[in-house]
A.B. asks: 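The structure under discussion is supplied below as structure tokens; questions concerning it will follow.
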Amino acid sequence: MYETYEQCIAELYNSVDEKYNDFNAPIANSIYKTIGVRMPVIKALAKKVPIACRESVLNGFFDEREHTYESVMFAGCLAARRGDYSQTREYLSRLIPLFGSWAHVDCTAPLLRWADRQTLWNDFRYTLTGRGEYIKRFYIILMLDCFLTEEYIDKVLDTLANNVEFGEYYVDMAAAWLLAECLVKFYDKTLPLFEMRTFPKFVHNKAIQKARESYRITAETKSYLNGLKIKS
């Protein structure tokens, strides 16, 4: 068990893999220095922090002046762990503005599946209008991982159509990924948005591309979607 932030950071540095860092750093495209710790190691470390020590460990993280890609990732995994939801919400409200890679978003948001959906939907919606593409990306990835259900699909599509500020790469890519999944899982509900060309060209075409790569839709559907691509 690891009960202090210092212990956790020491373990991260003990787990450095320089060859992995050479591979992962360009992919992560982080604003922070990367040291080369694999994601399963970071997740396992977060689970080894007793839930009673989560607050003190995260306070240690927030007191740190300089972060690494891996320390932010560790904090995200720890903050999003199942526990007192009010604490989780507070930790993430402080942490999300510090995210410096698409991977921080994409690895943290799915860990919130344990939380009450309606509460989650309301509490993090503010991130859609945040300053910075990783903050805005957070809610889109949250919808992808937690809200692609019959109950929420109409709200998800309405949010994408009316509440997302497009024009930043990692926002647009997340939206395209989510829309592709909507096309695959809720085709009849999602298709009209593409027939009406609701989204910017990049998002529209990328979503169609990703949907057509899926094995879960028919060749006929893929052909029709291909005809909907915006060419000019």
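Small disclaimer: the values here were computed from a predicted structure and weren't measured.
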A.B. asks: Counting distance only, does the side-chain N/O of Thr198 pair as donor-acceptor with the main-chain N or O of Phe194 below 3.5 Å?
C.D. replies: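 Judged by distance alone, no pair lies under 3.5 Å.
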
A.B. asks: Within the 4.5 Å heavy-atom criterion, are Tyr69 and Lys33 side-chain neighbours or not?
C.D. replies: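 Not touching, per the 4.5 Å side-chain cut-off.
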
A.B. asks: Do the side chains of Ile51 and Tyr5 join up, straight or via other hydrophobic residues, at under 4.5 Å, putting them in one cluster?
C.D. replies: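 In one cluster: no.
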
A.B. asks: Do the non-hydrogen side-chain atoms of Cys77 and Thr108 ever get within less than 4.5 Å of each other?
C.D. replies: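 Answer no - side chains too far apart.
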
A.B. asks: Side chain of Thr159, backbone of Lys155: donor and acceptor closer than 3.5 Å?
C.D. replies: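 Checked: pair present.
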
A.B. asks: May I ask whether Ile153 and Met196 are part of the same hydrophobic cluster, defined by side-chain heavy atoms of I, L, V, M, F, W, Y residues being less than 4.5 angstrom apart, directly or through others?
C.D. replies: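 Yes, Ile153 and Met196 fall within the same hydrophobic cluster.
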
A.B. asks: A side-chain contact here means heavy atoms from C-beta on lying under 4.5 Å apart; do Arg82 and Thr88 qualify?
C.D. replies: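 The answer is no, as the side chains (C-beta and beyond) never meet within the 4.5 Å cut-off.
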
A.B. asks: Would you mind reporting whether Asp116 and Tyr85 have side-chain heavy atoms less than 4.5 Å apart?
C.D. replies: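 The answer is no, as the side chains (C-beta and beyond) never meet within the 4.5 Å cut-off.
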
A.B. asks: Output yes when a side-chain donor or acceptor of Thr34 lies under 3.5 Å from a complementary backbone atom of Gly36, and no otherwise.
C.D. replies: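 Side chain of Thr34 to backbone of Gly36, a donor-acceptor pair under 3.5 Å: no, none is there.
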
A.B. asks: May I ask you to test the Val156-Leu144 pair for a side-chain heavy-atom distance under 4.5 Å?
C.D. replies: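 No, side chains not in contact.
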
A.B. asks: Is the terminal nitrogen or CZ of Arg94 (NZ for Lys, CZ for Arg) located under 6.0 angstrom from the six-membered ring centre of Phe62 and within 45° of that ring's axis?
C.D. replies: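 Yes, Arg94 lies over the aromatic ring of Phe62.
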
A.B. asks: Roughly how far, to the nearest 0.5 Å, is the CD atom of Glu90 from the CD atom of Gln87?
C.D. replies: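 One finds 7.5 Å between CD of Gln87 and CD of Glu90.
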
A.B. asks: Inspect the surroundings of CD in Glu18 and state if more than 12 heavy atoms from other residues, nucleotides or ligands are less than 6.0 Å away.
C.D. replies: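 Atom CD in Glu18 is not crowded, with 12 or fewer foreign heavy atoms closer than 6.0 Å.
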
A.B. asks: Any heavy-atom pair between the side chains of Ile217 and Tyr187 that's under 4.5 Å?
C.D. replies: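 Answer no - side chains too far apart.
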
A.B. asks: Between CH2 of Trp121 and CD of Glu151, what distance do you get to the nearest 0.5 Å?
C.D. replies: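 Here the interatomic distance stands at 10.5 Å.
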
A.B. asks: Report yes if the distance between the aromatic ring centroids of His67 and Phe61 is under 6.0 Å, otherwise no.
C.D. replies: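 Yes: the rings meet the under 6.0 Å criterion.
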
A.B. asks: Measuring from Asp106:CG to Ile141:CD1, what's the distance to the nearest 0.5 Å?
C.D. replies: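 Between Asp106 CG and Ile141 CD1, I get 4.5 Å after rounding to 0.5 Å.
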
A.B. asks: Would you mind reporting whether Leu120 and Leu142 have side-chain heavy atoms less than 4.5 Å apart?
C.D. replies: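 Yes, side chains in contact.
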
A.B. asks: Going by the rule side-chain contact (heavy atoms from CB on, under 4.5 Å), which residues pair with Asn29 if we only count those two or more places apart in sequence or in a different chain?
C.D. replies: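 Asn29 satisfies side-chain contact (heavy atoms from CB on, under 4.5 Å) with Tyr170 once adjacent residues are dropped.
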
A.B. asks: Does the side chain of Lys136 come within less than 4.5 Å of Phe166's, by heavy atoms?
C.D. replies: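 Counting from C-beta outward, Phe166 and Lys136 never come under 4.5 Å.
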
A.B. asks: Answer yes or no: is there a donor N or O on one side and an acceptor on the other, between the side chain of Glu70 and the main chain of Ile35, under 3.5 Å?
C.D. replies: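 Yes; judged by distance alone, with no hydrogens or angles, the pair exists.
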
